[in-house]
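For reference, the structure discussed in these notes is given below.
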Number of protein chains: 2
Amino acid sequence: MEVRSTAQRDLIRRLFRGNYTHPTADEIYELARRENPTISRGTVYRNLNFLVESGEILRIPSVGGGPDHFDVTTSPHYHAHCRLCGRVSDVPLPYNAWLSALPHGLDFTVETHQLMLFGTCKSCTNKGD
Amino acid sequence: MEVRSTAQRDLIRRLFRGNYTHPTADEIYELARRENPTISRGTVYRNLNFLVESGEILRIPSVGGGPDHFDVTTSPHYHAHCRLCGRVSDVPLPYNAWLSALPHGLDFTVETHQLMLFGTCKSCTNKGD
DNA sequence: AATGGTAATAGGACCCATTACTGATAATCG
DNA sequence: CGATTATCAGTAATGGGTCCTATTACCATT
């Protein structure tokens, strides 16, 4: 299937360049609307899925109902979720670090895994609990 | 606030006794309806929340859109999610095992964490991919 | 430059899991 | 027993996301 370059797709790509804030689909939608007020939510979702498929960005699946986040850093790594501001940040813990600790003889074939820390980020802590 | 004992709450409690299948709210709803056909979804959700609050069961938050699962085993532990049948099983990896590996000087105060393995469970593997 | 084929779009309907609201029912206390 | 009010059944509403339909935009070819 031929892949076309469109203004909307390129806009979304640009919104990610140098953006390490792990935005949600809705945040991307709001940013995109500032430059293209008629862009639709469907287009944002479709292109985020496309960019994840093509390996340009990473999806950080929600844990427990909230929205998914997206990440320009495509090498797999872990994330921390601030339960006060809802923002997601990177955790400099080597991926697969603990997987070697997995017991053998598990009745389960592991393909991937997801680790998420929950707590309070620096800036929320500083603002006073 | 006074806590009352009701048939619906006790029924849901009973459905968990000896049930290590990590059911979803909907699975509990279907089981409950076999004994009490007029029980409502709202009641199931309300009581699952109640039982989680009171520490009688554990909520396993969904990762990536699916429904939450619930667990009679209340001591924290890890889970594996079969992406074929959707069932959740326990992983005998000591909780907090890897947390000691966390780098110090993180700009984040960790309160809890969630680890989920994704892959294929034994019975789905046996059924042939 | 116009054309055909088809990818991608805007906008909205729809889906799923869950929560919130609204009387009605019933468990507990006095 | 009767009053209080937690809990209930039933339904509407919510939030995040997908899917559908008509329309538009891209691009290779004449």
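Proteins come first, then strands; the chains are lettered A, B, ... in the order of their sequence lines, and each starts at number 1.
Residues meeting the ring-ring contact (aromatic ring centres under 6.0 Å, His included) test with A/His22, sequence neighbours left out: A/His79. In this structure B/Phe118 satisfies the ring-ring contact (aromatic ring centres under 6.0 Å, His included) test together with B/His81, sequence neighbours excluded.
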Protein heavy-atom contacts under 4.0 Å, written 5' to 3' over nucleotides 17-30 of chain C as B (base), S (sugar-phosphate only) or - (none), form the string SBB------BBS--

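In the hydrophobic clustering (ILVMFWY side chains linked at under 4.5 Å, chained through shared members), B/Leu48 is joined by B/Val3, B/Leu11, B/Ile12, B/Leu15, B/Phe16, B/Tyr20, B/Ile28, B/Tyr29, B/Leu31, B/Ile39, B/Val44, B/Phe50, B/Leu51, B/Val52, B/Ile57, B/Phe70, B/Val72.
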Step by step, work out the side-chain contact (heavy atoms from CB on, under 4.5 Å) result for B/Thr21 and B/Arg87.
-> CA-CA 8 Å; B/Thr21 64; B/Arg87 279 197 280 263; 5.8 Å; no

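Between the side chains of A/Asn49 and A/Arg59, a donor-acceptor pair is found at a separation under 3.5 Å.
A heavy-atom distance below 4.0 Å to DNA chain D is reached by these residues of residues 27-40 of chain B, ordered by number: B/Thr38, B/Ile39, B/Ser40.
Without hydrogens or angle criteria, A/Glu27 side chain to A/Thr24 main chain gives a donor-acceptor distance under 3.5 Å. Checking side-chain atoms of A/Asp68 against main-chain N and O of A/Pro61 turns up no donor-acceptor pair under 3.5 Å.
Both A/Leu93 and B/Leu117 belong to a common hydrophobic cluster when Ile, Leu, Val, Met, Phe, Trp and Tyr are linked at side-chain heavy-atom distances under 4.5 angstrom. The same ILVMFWY cluster, assembled from side-chain heavy atoms under 4.5 Å apart, contains both A/Phe108 and B/Val91.
Protein chain A touches strand DNA chain D; the 5'-most and 3'-most nucleotides with an atom under 4.0 angstrom of its non-hydrogen atoms are D/dG16 to D/dC27.
Annotation for A/Glu111: atom CD counts as buried by contact number, over 12 foreign heavy atoms lying within 6.0 Å.
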